[in-house]
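Positions are given from 1 along the sequence.
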Amino acid sequence: MKIAVLGAGAIGCFYGGVLAKQGLDVAFAARGKTRDYLQQHDLIVHSINGDFSLPVKVLDADHLQPVDDLDFILLAVKSNALDQCIPELKTLTGPSTKIICLLNGIGNEEKLVDVFGAEHVAGGSAFISVIREAPGVVDHVGEGKLIIGEWKTGEAAQSLEWLGKMFRQAGVDTHVSPDIRQVKWDKLLWNIIYNPLTALTRTRVGEALNDTDLFPILAEVKKEYIRTASAVGITINRDYAEKVLLPNRDVQNHKTSMLQDLEHGRKMELEAILGFVIKTARAKQVPVTAIETIYHLLRFIDLRNAK
């Protein structure tokens, strides 16, 4: 089996790294400082499950050559970079290649299906706290569970079962879901509650939960999101929804990916986490005042930082 990682940031380097550590044929498509570093140094993963480093195969993302024998592409770019990486995906996707979409938010798999067809697309949700310390250096500080599943309803998942087995052998708690859409909507509950508001207020998850001014806003975002999901026939997992606003030692000090992007001057993933939900809510006439307010405040910050 041959695997490529497109998006050699925190998520891509961690999940691609654990597979490479198992001796699998994994290549990392990278550019700029990350490409230069990995061509000359080991990939370094600091992890709560044990640190490791190893040399990895590197593909120059700026000069990709056509490949038609990849079995999987682990797609781990930022959701706001999806459109720009479509040409790279076309270069790497062969007749039997499956794209595992590990992007935050919802709406990304639909874009991929429009270009490549549902038979080439699998959804994925990474429940992990991992930080990119430097090019080719990541710090895995919490959780790590991975859920993957075929996007095409009724599609057999034998190849994904094999990939799941490889991840489990590498120490990653991995499940193959028959309903990955449900999983993506469930996961976005946590992301839409915590990512935007912690970025806006520059707080960690525990700080936001413990703050008497911020907690009611977190709770209102939760209500609005669950109502929107219900309007399109999605019932958010009740047990998960009941626990999402409870203190969690594993993520108490977690700095969300959106906050990390803001602090490093990167564009935030506003559309996949907030924008898609707002469009869906409007189509179904569901009021989402808190979500819209946070979205526009963050969009203002994003546009100002881009100048």
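Not one N or O on the side chain of Lys111 forms a donor-acceptor pair closer than 3.5 Å with the backbone of Asp83. Within the 3.5 Å criterion, the main-chain N or O of Asn253 finds a donor-acceptor partner in the side chain of Arg204. In terms of modelled atom types and a separation under 3.5 Å, the side chain of Thr201 and the main chain of Leu197 share a donor-acceptor contact. Asp42 places no side-chain N or O within donor-acceptor distance of the main-chain N or O of Ile44, the cut-off being under 3.5 Å. Judged purely by atom type and a 3.5 angstrom limit, Thr97 uses its side chain to pair as donor or acceptor with the backbone of Gly94. Checking side-chain atoms of Lys187 against main-chain N and O of Ala126 turns up a donor-acceptor pair under 3.5 Å.
No continuous path of ILVMFWY side-chain contacts below 4.5 Å connects Ile131 to Val137, so the two sit in separate hydrophobic clusters. Cluster annotation: Leu74 and Leu112 are assigned to distinct hydrophobic clusters (Ile/Leu/Val/Met/Phe/Trp/Tyr, side-chain heavy-atom contacts under 4.5 Å, transitive). By the rule that hydrophobic residues join a cluster once side-chain heavy atoms approach within less than 4.5 Å of another member, Trp185 and Leu102 end up as members of separate clusters.
Thr228 and Val277 make their closest contact through CG2-O, 3.9 Å (heavy atoms, listed as atom of the first residue, atom of the second, distance). Pairing each heavy atom of Met258 with each of Ala199, the nearest pair is CG-CB, 3.8 Å. Closest heavy-atom contact between Ser257 and Asn195: OG-OD1, 3.2 Å. Residues Ala272 and Asn108 approach most closely at CB-ND2, 4.1 Å, considering heavy atoms.
Heavy-atom neighbours of Gln285 CD from other residues, nucleotides or ligands within 6.0 Å: at or below the threshold of 12. Surrounding CZ of Arg299 are at most 12 heavy atoms belonging to other residues, nucleotides or ligands under 6.0 Å away.
Of the charged side-chain nitrogens involved, at least one lies within less than 4.0 Å of a carboxylate oxygen, so that Lys184 and Glu109 count as a salt-bridged pair. Salt-bridge annotation for Lys267 and Asp302: absent, with no side-chain N of the basic residue lying under 4.0 Å from a carboxylate O of the acidic one. In summary, Arg202 and Glu207 do not engage in a salt bridge, as defined by a charged side-chain N under 4.0 Å from a carboxylate O.
Thr256 and Thr198 share a side-chain donor-acceptor pair at under 3.5 Å.
Residues Leu64 and Leu92 meet the side-chain proximity criterion, which asks for heavy atoms closer than 4.5 Å.
If you take OG1 on Thr289 and CD on Glu220, they are separated by 7.5 Å, rounding to the nearest 0.5 Å. To the nearest 0.5 Å, the span separating CG on Asp139 from OG on Ser47 amounts to 8.5 Å. Rounded to the nearest 0.5 angstrom, Ile148 CD1 and Glu161 CD are separated by 8.0 Å. The CH2 atom of Trp162 lies 5.5 Å from the CE atom of Met166; values are rounded to the nearest 0.5 Å.
A cation-pi geometry, defined here as NZ or CZ lying under 6.0 Å from the six-membered ring centre and within 45° of its normal, does not hold between Lys98 and Phe72.
Using a 30° and 60° split on the angle between ring planes, Phe14 and His140 fall in the tilted class, from 30° to 60°.
Among Leu6, Val5, Ile3, the single residue meeting the side-chain contact (heavy atoms from CB on, under 4.5 Å) criterion with Ile73 is Leu6.
Residues Trp190 and Phe127 place their aromatic rings such that the two centres sit no closer than 6.0 Å.
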